[in-house]
Number of protein chains: 2
Amino acid sequence: MSVPRTLDRTLQALADPTRRAILQRLSSGEARVTEVAEPFRMSLNAVSKHIMVLERAKLVKRRKEGRDHYLSYLPGPMDEAAEWIEHTRNFWSSRLDALERLLRDEDAKRT
Amino acid sequence: MSVPRTLDRTLQALADPTRRAILQRLSSGEARVTEVAEPFRMSLNAVSKHIMVLERAKLVKRRKEGRDHYLSYLPGPMDEAAEWIEHTRNFWSSRLDALERLLRDEDAKRT
DNA sequence: CAAACAATCAACTAAAAGGTTGAATATATT
DNA sequence: AATATATTCAACCTTTTAGTTGATTGTTTG
């Protein structure tokens, strides 16, 4: 069956609030590493590492221009994750609905 | 601002394939710890720990009946996560659309 | 060319994650 | 009462994660 390991990486990457904040920062367009790091209280290096995690998860793309690295958001993995989670949610939703119906019917039959 | 740390826990819990498989197993209804653990190649204890992670994330509920612990799925956090991810995705989708429109307009003006 | 700047690399630390085995606890069964 | 079963607890190990500081690489600028 081999479940896609990319989902692991995506969810893992998204599970960290700093990384989610970095993604949000990129919503207003490209930004350099230093710019992205600026609002955080941790070191530039720490943010650089977070960026690499996002890059490995393909949630972020890097374009080098001279000494500057411009980062931007990539939608693919987010779409995939959304798809998985929606699918899963709907799956359970129908199961739970069926269960509820079942219980209601049995209850009706008993009265 | 205080971003909800529950999202961290949910995504973290979902980022592991064993835990996703456990959730899937529960889709056919309640199951005991041993039953849930059976298909995995790791020890019962390891699975027990995964279950505790899911429990802390409120993705799984436990009902004790004598020595048996019956586990079942809880939809709340999955719904929340789906909501967050959908919201985020749509947010970016519109940004990217706007950017594309902008570029197309500029292109049109130039010709 | 020298100094400043943008970013990573390298080495280290502390904590968390994921697994193991063995003991303990509580409940059922004979 | 003794034994078997279901589950967790406790201790331990290894790997990964998230952070630090200091050195290094490459690019720009005075």
Side-chain angles (χ1 to χ4, degrees), chain A residues 2-3 5-26 29-73 77, chain B residues 3 5-26 29-73 77 81:
Chain A
S2 151
V3 178
R5 211 163 66 276
T6 124
L7 188 56
D8 294 33
R9 292 206 181 200
T10 305
L11 294 174
Q12 183 66 46
L14 293 176
D16 183 283
T18 301
R19 289 193 288 262
R20 290 199 301 273
I22 291 175
L23 288 184
Q24 188 148 28
R25 170 65 175 82
L26 294 181
E30 281 189 335
R32 291 176 306 122
V33 173
T34 315
E35 289 165 0
V36 166
E38 191 270 325
F40 298 102
R41 287 137 106 250
M42 66 189 74
S43 72
L44 173 66
N45 272 4
V47 175
S48 175
K49 282 192 185 181
H50 278 299
I51 290 170
M52 293 186 213
V53 171
L54 291 168
E55 231 182 334
R56 275 210 314 275
K58 303 248 195 314
L59 281 159
V60 155
K61 181 179 59 180
R62 181 189 303 257
R63 172 175 73 81
K64 300 184 192 176
E65 185 168 322
R67 65 183 170 181
D68 299 314
H69 297 197
Y70 286 93
L71 306 168
S72 56
Y73 171 76
Chain B
V3 179
R5 212 165 65 275
T6 123
L7 187 56
D8 296 32
R9 293 206 180 196
T10 304
L11 294 175
Q12 182 66 46
L14 293 176
D16 184 283
T18 301
R19 289 194 287 264
R20 289 199 301 273
I22 291 175
L23 288 184
Q24 189 148 28
R25 170 65 175 81
L26 294 181
E30 280 189 337
R32 291 177 308 120
V33 173
T34 314
E35 289 166 359
V36 166
E38 192 271 325
F40 297 102
R41 291 140 99 246
M42 66 190 76
S43 72
L44 174 65
N45 271 5
V47 175
S48 174
K49 281 191 186 183
H50 280 299
I51 291 170
M52 293 186 216
V53 171
L54 291 169
E55 232 182 334
R56 276 209 315 276
K58 302 247 195 312
L59 281 159
V60 155
K61 180 179 60 180
R62 182 188 303 255
R63 172 176 73 81
K64 299 183 192 177
E65 184 170 323
R67 65 184 167 178
D68 300 313
H69 296 197
Y70 286 93
L71 306 169
S72 56
Y73 171 75

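Everything numeric here is computed off the predicted structure, so don't read it as measured data.
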Hey, is CD on B:Gln24 packed in by over 12 heavy atoms from elsewhere, all under 6.0 Å?
no
Round to the nearest Å and state the distance from [X] atom [atom1] to [N] atom [atom2].
X	N	atom1	atom2	answer
A:Glu65	C:dA6	CD	C1'	13 Å
B:Asp8	C:dA17	CG	C1'	16 Å
B:His50	D:dT8	NE2	C1'	16 Å
B:Arg9	C:dA17	CZ	P	9 Å
A:Lys64	D:dT25	NZ	P	15 Å
B:Ile22	C:dG18	CD1	P	11 Å
A:Arg20	D:dA18	CZ	P	12 Å
A:Glu35	C:dC5	CD	C1'	13 Å

Compare every heavy atom of A:Glu35 with every heavy atom of A:Ala31, then report the nearest pair and how far apart it is.
CA-OE1, 3.4 Å
Shortest non-hydrogen contact from B:Ser72 to B:Glu30?
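Here B:Ser72 and B:Glu30 meet closest at CB-CG, 3.9 Å.
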Side-chain contact, heavy-atom cut-off 4.5 Å: [X] with [Y]?
X	Y	result
B:Arg9	B:Lys58	no
A:Glu55	A:Leu71	no
A:Arg20	B:Leu7	yes

I'd like to know if B:Arg67 reaches the base of D:dT5 with its side chain, counting only an N/O donor and acceptor under 3.5 Å.
yes
B:His69 vs D:dT8: side-chain N/O to OP1/OP2 distance below 4.0 Å
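True: B:His69 side-chain N/O within range (under 4.0 Å) of D:dT8 OP1/OP2.
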Would you say B:Ser48 places a side-chain N or O within less than 4.0 Å of OP1 or OP2 belonging to D:dT8?
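Affirmative; the distance criterion is met.
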Given DNA chain C, 5'-ward residue of the pair A:Val33 and A:Gln12, judged by closest heavy atom:
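Looking at DNA chain C, the more 5' nearest nucleotide goes with A:Val33.
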Table of protein N/O atoms under 3.5 Å from nucleotides 20-22 of chain C N/O atoms:
unit_1, atom_1, unit_2, atom_2, d
C:dT20, OP1, B:Ser43, N, 3.4
C:dT20, OP2, B:Ser43, N, 2.8
C:dT20, OP2, B:Ser43, OG, 2.7
C:dT21, O4, B:Asn45, ND2, 2.5
C:dG22, O6, B:Asn45, ND2, 2.4

From the list C:dG18, C:dT8, D:dT8, which nucleotide is the closest neighbour of the side chain of B:Met52?
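Nearest to the side chain of B:Met52 among the choices is D:dT8.
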Within the side chain of A:Arg19, is there an N or O that forms a donor-acceptor pair under 3.5 Å with the backbone of A:Leu14?
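Checking the backbone N and O of A:Leu14 against the side chain of A:Arg19, no donor-acceptor pair under 3.5 Å is found.
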Taking for each residue the nucleotide of DNA chain D with the nearest heavy atom, is it A:Arg56 or B:Thr34 whose nucleotide lies nearer the 5' end?
B:Thr34
